[in-house]
Amino acid sequence: METKEPQQQTTPTVEVTVDQGGPIITNTPGSTSAGQVQEYWDIFVSYLAKLPDYLGDFFSTYQKPLITVGLIVGAFVTVKVTLAVLDALDDIPLLSPFFELVGIGYSGWFVYRYLLRASNRKELADEINGLKNQVVGGNKTPKV
């Protein structure tokens with residue numbers, strides 16, 4: 001029988017140099033030493049030091065899409081929280097019928113105040129057009 005001696009394997013090391021264009025990685029033979037750990041630590045610290053600049057560039061480049069995504073996520077979270085609160089309020093005894101009565105009362109008042117007479121309907125239409133002009137940004141004055 002042949003006896004095979006275990007072969008010693010040398011661990012290849014990686015040398016990283018940071019340049020203006022980014023890191024340059026080269027393989028060098030040898031073993032890991034404390035100096036290389038310090039080099040890696042220095043590279044890590046330099047990236048952490050440049051992180052605010054990287055994030056600032058990223059946010060300035062993608063500002064509008066990030067705002068859009070943030071608004072969509074915020075709207076989704078708002079809807080979910082509102083639905084959860086309404087569901088919790090609906091589970092409280094006698095509160096749901098009370099809210100239904102308040103809604104019926106407000107609907108009756110709204111019909112009486114704005115929808116029964118033509119002059120009041122015109123007033124409501126003018127208020128809606130004024131609000132629409134404020135939101136949309138139109139400079140048209142409502143017709144009287």
Original post:
Any chance the rings of Trp109 and Tyr106 have centres within less than 6.0 Å?
Top reply: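 Ring-ring flag for Trp109/Tyr106: true, centres closer than 6.0 Å.
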Original post:
Do the ring centers of Tyr62 and Phe58 come within less than 6.0 Å of each other?
Top reply: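 They qualify: ring centres under 6.0 Å apart.
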What I'd like to find out is whether the side chain of [X] reaches to under 4.5 Å of the side chain of [Y], using heavy atoms alone.
X	Y	result
Phe98	Val102	yes
Leu124	Leu115	yes
Leu89	Phe99	yes

Find the distance between [atom1] ([X]) and [atom2] ([Y]) and round it off to the nearest 0.5 Å.
X	Y	atom1	atom2	result
Arg117	Glu123	CZ	CD	10.0 Å
Leu51	Ser46	CG	OG	11.0 Å
Asn120	Tyr112	CG	OH	9.0 Å
Asn129	Gln134	CG	CD	11.5 Å
Leu83	Thr78	CG	OG1	10.5 Å

Original post:
Does Leu71 have any side-chain contact (heavy atoms from CB on, under 4.5 Å) partners at least two apart in sequence or in another chain, and if so, which?
Top reply: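 Ile67.
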Check whether [X] and [Y] end up in the same hydrophobic cluster, where Ile, Leu, Val, Met, Phe, Trp and Tyr are linked by side-chain heavy atoms less than 4.5 Å apart.
X	Y	value
Tyr114	Leu131	no
Leu55	Val45	yes
Ile128	Phe110	yes
Val73	Val81	yes

**OP:** Could you walk me through whether Ile43 and Tyr47 pass the side chain to side chain contact (heavy atoms under 4.5 Å, CB included) test, one step at a time?
**Re:** CA-CA 6 Å; Ile43 292 169; Tyr47 277 124; 3.5 Å; yes
**OP:** Sequence neighbours left out, what passes side-chain hydrogen bond (donor to acceptor under 3.5 Å, both in side chains) with Asp42? Give chain and number order.
**Re:**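 For Asp42, the residues satisfying side-chain hydrogen bond (donor to acceptor under 3.5 Å, both in side chains) (neighbours in sequence not counted) are Gln38.
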Original post:
Residues two or more places apart in sequence or in another chain: which of them pass side-chain hydrogen bond (donor to acceptor under 3.5 Å, both in side chains) with Asp57?
Top reply: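 Counting only residues at least two positions away or on another chain, Asp57 forms no side-chain hydrogen bond (donor to acceptor under 3.5 Å, both in side chains).
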Original post:
Between Glu127 and Lys132, does at least one N-O distance fall below 4.0 Å, as a salt bridge requires?
Top reply: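 Salt bridge: no.
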Original post:
Can you name the nearest heavy-atom pair linking Leu48 to Pro52, along with the distance?
Top reply: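 The pair with the smallest heavy-atom distance is O-CD, 3.6 Å.
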